[in-house]
Amino acid sequence: MQIYDGDMPFGSNESMTVNDEDGVADASRLTPLKSRGPAPISQARLLKLSVLPLFYKLSGQRVAIAGSSRAAAWKVELLAATGAQVDVYGATPDAQILAVASQASNVCVFERHWSANDFAKAVLVIAEAEEEDEAIALQQAAAVAGAHLNIIDKPQWSSFQFGSIVERSPLVIGISTDGGAPVFAQSIRARLETLLPDGLRNWASAAKAWRPRVTSLGLDIHARRKIWEKFTRLALAEPGRVPADHDFASLVEGVDREPAASAKTGIVMLVGAGPGDPELLTLRAVRALQSADVVLFDDLVSQQVLDLARRESDKISVGKRGFKPSCTQEDICDLMISLAREGKYVVRLKGGDPMVFGRANEEIAALEAVGIPVSVVPGVTAASAAAASLGISLTERNLARRLQFVTAHARGGLIPDDLNWRALADPLATTIVYMGVRTLPEFCARLVREGLSADMPAVMVERASQPDERHFAGTLTTLPGIVANAGVKGPALTIIGPAALDRRIVKNIS
Ligand code: SAH
């Protein structure tokens, strides 16, 4: 088994990122040189960079805004938020600018047109100009003042541009298309917004606060890097949690010792892998996978989902397969405990939702009994995926007021003997049968004996959400024969009840 020690292998980075805020990662970013001594790197390391993103501390600096229409209002608000002194020049200021000025002590509005003197000591000038003449006048005045100039919506006349911003201060991301398509940049921003939970700002603040403390420990470059890697994993795994002092203690604990002893307790996340299609993973599941040191996965988990796990993570199959050789539940619990005790971030990846026929309780209890922190990330259960594929609602007013999930597989492969058949024979219910391919004939026959109509619709969905998904529609009488002829192999469930009757399903089969 590969042991991950928190360090990237030397020279293995693939990123083109050249900026390193920590200044500790550079050593591993260089390709190791052979013994013939230093050699210049001949190939170009960056493609042409159309603009350089800079992150400018404006607090206490002066910014002049030449123009006061609605278009300038947002810039006034943005710049005021940076703590700059913002002076706005315009004969008829927009109401929004006046509103910002009335609330922010660092915004001043001068109700007149700008003049060149207004830019003295300004580091940035943001202006409105429609005509080239005025743009040239602005450029000259800005140059005299030694200020950079942005003319709103006119990149061709500007020396710098504003990007779209994802704001999780002190974590700030700027996005630019170099004036090509601001709407495109905004859509990219919207994507990043969904990927990066708001709570990351707390972690970014903690990083700032902890940085001097880490530095004062006097650790070497590798130990410092390890701390920040651990920090990052924690932040990405639990972005919603406010970091506390005990997190700092766990980060620095033992980093200067050997990797195996470096952290006392890892964590375990029970993560729902959904029914197979990786698109059906939750964002939290993806984040957990990308932070994992070890992924313990069931047979039901699809390869495409596993592919999303951090590349360096160990991926261990702990499949529990009906009627085939399997890991015992005890083995799985023991393995989780021993990995977590090595300080690992363990993702226990379960098909569908971990809390539906997943024996999650036993795993949670085993971990809690020995004091290992455990949390659960829900997933899309197979029934939801099957209903979505069929385009049927599992509940329906007047027809199906009750929705029940049931397993048709007990120890020994038999139908469990403690099922509530009265509830299952309710003609106004939708029943979803998990783990019920083998026992389908017996299950359907029993439902009829318990009083359900022999013509009650029943549909089986095999490998819901996967590319080779199949549907088989029939009734309690006909479905077992249809399924037997079709040779169902993959995981499959059966939906029984009035809700399972839908013209679309019948069409799928014919
Ligand atoms: N926790 C899982 C269920 C695990 S029990 C969930 O929430 O979906 C295993 C059973 O789930 C299988 O026997 C089958 O009945 C059902 N199942 C799992 N994945 C499935 C899929 N992609 N399509 C149809 N049924 C599935």
Side-chain angles (χ1 to χ4, degrees), residues 269-282 284-285 296-306 317-324 326-327 329 332 347-364 376-392 394 403-416 419 424 430-444 458-473 479-480 482-483 486-496 500 505 508:
M269 297 271 249
L270 303 190
V271 175
D277 180 349
E279 293 281 317
L280 295 178
L281 284 169
T282 63
R284 199 180 290 175
L296 305 181
F297 63 96
D298 284 342
D299 275 349
L300 280 179
V301 173
S302 74
Q303 185 59 44
Q304 293 99 307
V305 168
L306 268 184
S317 164
V318 291
K320 274 189 281 147
R321 297 170 289 188
F323 313 106
K324 293 185 204 148
S326 316
C327 285
Q329 188 60 49
I332 297 173
V347 165
R348 170 77 178 98
L349 195 56
K350 289 167 168 287
D353 183 288
M355 304 308 227
V356 176
F357 301 127
R359 298 183 72 174
N361 280 352
E362 292 162 55
E363 298 184 7
I364 293 169
V376 180
V377 179
V380 173
T381 190
S384 301
S389 295
L390 297 172
I392 59 165
L394 298 177
L403 172 60
Q404 47 198 359
F405 293 179
V406 63
T407 171
H409 176 111
R411 216 164 269 167
L414 302 172
I415 291 184
L419 293 181
L424 294 175
T430 304
T431 300
I432 316 274
V433 187
Y434 284 70
M435 292 173 276
V437 178
R438 279 195 174 212
T439 52
L440 185 72
E442 194 190 333
F443 198 91
C444 289
V459 54
M460 179 173 280
V461 180
E462 181 189 22
R463 285 191 288 273
S465 89
Q466 297 178 22
D468 49 358
E469 169 181 317
R470 296 197 292 172
H471 310 157
F472 309 98
L479 188 66
I482 295 171
V483 166
V488 170
K489 283 196 209 70
L493 53 70
T494 307
I495 305 175
I496 298 168
I505 305 174
N508 267 340

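We number each residue from 1, following the sequence as shown. All heavy atoms count here, side chains included; hydrogens, waters and symmetry mates do not. Both counts, for ligands and for their atoms, begin at 1 and track the order of listing.
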Main-chain N/O of Ala385 paired to Ser465 side chain as donor or acceptor, under 3.5 Å | no
Is there a donor-acceptor contact under 3.5 Å from the side chain of Arg348 to the main chain of Ile332?
-> no
Hits for side chain to side chain contact (heavy atoms under 4.5 Å, CB included) against Glu279, two or more places apart or cross-chain, chain-then-number order -> Asp277
For residues Ser302 and Gln466, is any side-chain donor paired with an opposing acceptor at under 3.5 Å?
-> no
Tell me, please, which residues at least two apart from Glu442 pass salt bridge (Lys or Arg N to Asp or Glu O under 4.0 Å).
-> none
Chain-and-number sorted residues having a heavy-atom contact under 4.0 Å with ligand 1 are Pro275, Leu300, Gly351, Gly352, Asp353, Val356, Phe357, Thr381, Ala382, Tyr434, Met435, Val461, Arg463, Ala464, Gln466, Pro491, Ala492, Leu493
Listed by chain and number, what are the side chain to side chain donor-acceptor pair (under 3.5 Å) partners of Thr430, not counting sequence neighbours?
-> none
